[in-house]
Amino acid sequence: MKPLDITDGEKVVMRFAPNPNGPPTLGSARGIVINSEYVKRYDGTFIMRFDDTDPQTKRPMLEAYDWYIEDCTWLGAAPDKVVLASDRMQMYYDYAKKLIEMGQAYACFCESGEFKKYKDAKEPCPHRNESIGVNLEHWKKMVVGEYGEKVAVLRIKTDIKHKDPAIRDFGAFRIVKVPHPRPEIGNKYVAWPLLDFEGAIEDHELGMTHIIRGKDLMDSEKRQGYIYKYFGWNYPKTTHWGRIKIHEFGKFSTSGLRHAIEEGEYSGWDDPRLPTLRALRRRGIKPEAIRKFMIEMGVGETDVSISLDTLYAENRKMIDSIANRYFFVWDPVEIEIHGTKPRTSTPPLHPTEDRGHRTIEVDTKMYVCSEDAEKLEIGDKLRLKDLYNIEITSLAPLQAKHTGDSMEVVNKGEKRIRIIHWAPINGVSVKVLAPHGEFKGIGEKQIANEIDNTVQFERFGFCRIDSVDHEIIAYFAHK
RNA sequence: GCUCCGAUAGUGUAGCACGGCCAAUCAUGCAGGACUCUCACUCCUGCGACUGGGGUUCGAAUCCCCAUCGGAGCACCA
């Protein structure tokens with residue numbers, strides 16, 4: 001990451017300012033990680049500010065406030081301070097009143113399309129030149145709720161002839177008569193500030209020194225600059241990043257996901273197919289892997305389209321040495337071995353780390369993956385991993401004969417024989433939930449000891465053991 | 001329609017503010033190999049890029065202009 005532009009001995013203050021209308025996603029993680037990382041480097045203050053001033057269109061979700069704190073903490077980015085915009089309404093009202101008194105804000109009663117016409121024509125609307133006294137009256141009525149929704153809006157005067165139409169007299173407050181989801185706020189307010197106003201006031205009040213935000217908010221600085229100019233404040237230093245698109249998830253919106261969950265398309269916010277942090281956590285993705293992934297990506301203004309493979313590669317390196325190995329046979333088919341007796345197999349829990357062994361009681365019947373079985377022909381020789389060698393004698397039913405235990409036939413000779421894994425006939429049933437589907441099969445009994453751990457199902461991938469009640473439920477992380 | 005950004009290998013990045021040290025960094029990916037009782041890990045080797053065109057200059061990935069492509073804003077969303 002590039003160093004920040006620091007003026008003399010200033011103490012860095014940065015923030016992450018989400019609307020808690022759903023849980024944090026991988027996209028949120030970028031803001032959380034980058035901001036908190038800078039704060040760590042400069043020993044500054046990291047503030048979490050909930051921009052929850054829209055009770056209607058992007059209505060906050062009560063549970064999501066805690067989810068944000070939870071997920072930030074998990075990511076190693078616990079905020080030093082938490083602020084809820086909905087708690088600070090009086091402050092916004094005070095500043096709004098000051099601006100009106102300065103003659104820099106006015107109550108506008110134009111219908112939105114009508115105002116757009118004036119704006120596009122670089123003409124002031126009829127309300128722009130009302131007297132301060134009249135505007136103060138109107139504002140008072142806005143705040144107490146005398147006007148209905150969409151009747152009045154408070155605008156900040158910028159430059160109505162500004163060459164960029166996006167800058168001309170932007171809205172600062174509008175009327176929303178839907179109660180706020182927070183019970184302590186409820187229907188206490190009807191005049192709600194819009195982002196550019198609320199953010200401008202807060203960034204100053206909280207003493208923000210640096211702001212990093214999306215490119216889509218690039219115009220905010222120009223708009224908010226007027227407010228800063230009127231009050232004589234200094235604008236924080238800003239950096240922008242482009243849009244981030246994850247190959248595996250494509251474009252998604254919090255409201256879209258919410259809708260899909262309500263429709264039953266997903267099991268919940270932590271469904272393994274979802275790009276939420278809680279889903280990634282459930283799958284066994286390490287927060288450090290996400291941090292590294294985001295920091296490596298940096299803060300370019302270029303729009304990025306990245307594959308999760310990079311994140312998975314980071315994660316794999318982090319968990320490979322600590323993940324115990326187990327056999328899980330998906331889509332199992334039974335095989336019977338002749339010429340041997342039940343025995344006990346004790347494969348190592350890890351191929352290179354000294355982590356002890358697991359114990360599997362093996363009958364003369366067991367399971368192998370149908371995927372492996374389909375490739376077999378009579379006479380094929382293969383090795384059952386950590387057990388013994390066999391030769392196929394029948395395909396339906398699948399049968400084989402024991403041909404010895406020695407590893408020599410496996411290693412020696414020009415062509416090594418294939419090694420496949422297997423599962424005991426009395427194993428436990430396992431269901432793996434993965435982004436690309438559900439896998440049902442049989443696994444070793446000892447997997448039940450690994451609740452909440454990430455293990456590697458050999459020849460399948462890394463999974464986090466989520467529950468072990470009647471059957472084992474595992475969440476797939478990656479290959 | 002008006003306005004604002006951006007463009008380095010398949011992907012993501014470094015380099016660009018102070019042109020030469022860049023026949024361009026690192027990671028991931030892919031290919032091949034070593035190791036291995038996993039299609040994991042580790043290690044080795046290889047592949048692969050400065051969007052195009054002008055200009056300035058002894059010299060341009062770096063500066064200027066144009067074009068092309070991509071993104072964003074002009075909400076009573078954040």
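Just so it is clear: chains get the letters A, B, ... in the order the sequence lines come, proteins before strands, and each one is counted from 1. Being a predicted model, the structure only gives us computed values, none of them experimental. All heavy atoms count here, side chains included; hydrogens, waters and symmetry mates do not.
Under a 4.0 Å N-O distance rule, the pair A:D164/A:K222 qualifies as a salt bridge. Between A:D380 and A:K375 no salt bridge is recorded (no basic side-chain N to carboxylate O distance below 4.0 Å). Remark: A:D386 does not engage A:R325 in a salt bridge, criterion side-chain N to carboxylate O under 4.0 Å. Salt-bridge annotation for A:E202 and A:R49: absent, with no side-chain N of the basic residue lying under 4.0 Å from a carboxylate O of the acidic one. Note on A:D331 versus A:K440: no salt bridge recorded, every NZ/NE/NH1/NH2 to OD/OE distance being 4.0 Å or above. Ion pairing between A:K58 and A:D52 fails under the 4.0 Å rule for side-chain N and carboxylate O. In this structure, A:K292 does not pair ionically with A:E296, as no charged nitrogen and carboxylate oxygen lie closer than 4.0 Å.
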Q.
Just to be sure I follow the notation: if a pair is Watson-Crick (purine N1 to pyrimidine N3 plus N6-O4 or O6-N4) or a G-U wobble (N1-O2 and O6-N3), each under 3.5 Å, what dot-bracket string does RNA chain B give, with | for pairs to another strand?
A. (((((((..(((.......[.....)))((((((.......))))))...(((((..]....))))))))))))....
Q) What one-letter contact string describes nucleotides 39-51 of chain B from 5' to 3', where B marks a base within less than 4.0 Å of any protein heavy atom, S marks contact via sugar-phosphate atoms alone, and - marks no contact? A) BBSS---------
Q. Taking protein heavy atoms under 4.0 Å as touching, what does nucleotides 69-78 of chain B look like 5' to 3' if B marks base contact, S marks sugar-phosphate-only contact and - marks none?
A. -BSSBBSBBB
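A 4.5 Å side-chain heavy-atom check between A:I156 and A:D169 finds every atom pair outside the cut-off. At least one side-chain heavy atom of A:M48 sits under 4.5 Å from a side-chain heavy atom of A:C72. The closest side-chain heavy-atom distance from A:I34 to A:M1 is below 4.5 Å.
A:S305 comes within 4.0 angstrom of sugar-phosphate atoms only, judged by non-hydrogen atoms across all strands, and of no base. As judged by a 4.0 angstrom heavy-atom cut-off over every strand, A:E296 is placed among the base-contacting residues.
Taking the six-membered ring where the residue is Trp, the centroids of A:F173 and A:F197 are separated by under 6.0 Å.
Atom NZ of A:K2 is separated from atom P of B:U25 by 18 Å (rounded to the nearest Å). One interatomic measurement links the two molecules: CZ of A:F293 to P of B:U13, which rounds to 10 Å at whole-angstrom precision. Atom NZ in A:K163 sits about 13 Å away from atom C1' in B:C5, given to the nearest Å. Remark: C1' of B:U13 and CG of A:D309 are 16 Å apart, rounded to the nearest angstrom. Following rounding to the nearest Å, A:W241 (CH2) and B:U13 (P) show an atom-to-atom distance of 13 Å. Rounded to whole Å, the distance from CD1 on A:I360 to P on B:U38 is 15 Å. For the pair A:E314 CD and B:U28 P, the computed distance is 7 Å after rounding to whole Å. In this structure, the CG atom of A:L308 is 13 Å from the C1' atom of B:G12, given to the nearest Å.
The separation of B:C64 from B:U57, taken at their C1' atoms, amounts to 12 Å, rounded to a whole angstrom. A distance of about 38 Å separates the P atoms of B:U68 and B:G29, rounded to the whole Å. The C1' atoms of B:U51 and B:G70 are separated by 11 Å, rounded to the nearest whole Å. Going from the P atom of B:G10 to that of B:C16 covers 23 Å, rounded to whole Å.
A:K122 has no side-chain polar atom (N or O) that falls below the 4.0 Å cut-off from OP1 or OP2 of B:C2.
Evaluated for a side chain to side chain contact (heavy atoms under 4.5 Å, CB included) with A:K237, the options A:L4, A:T7, A:I212 yield exactly one hit, A:T7.
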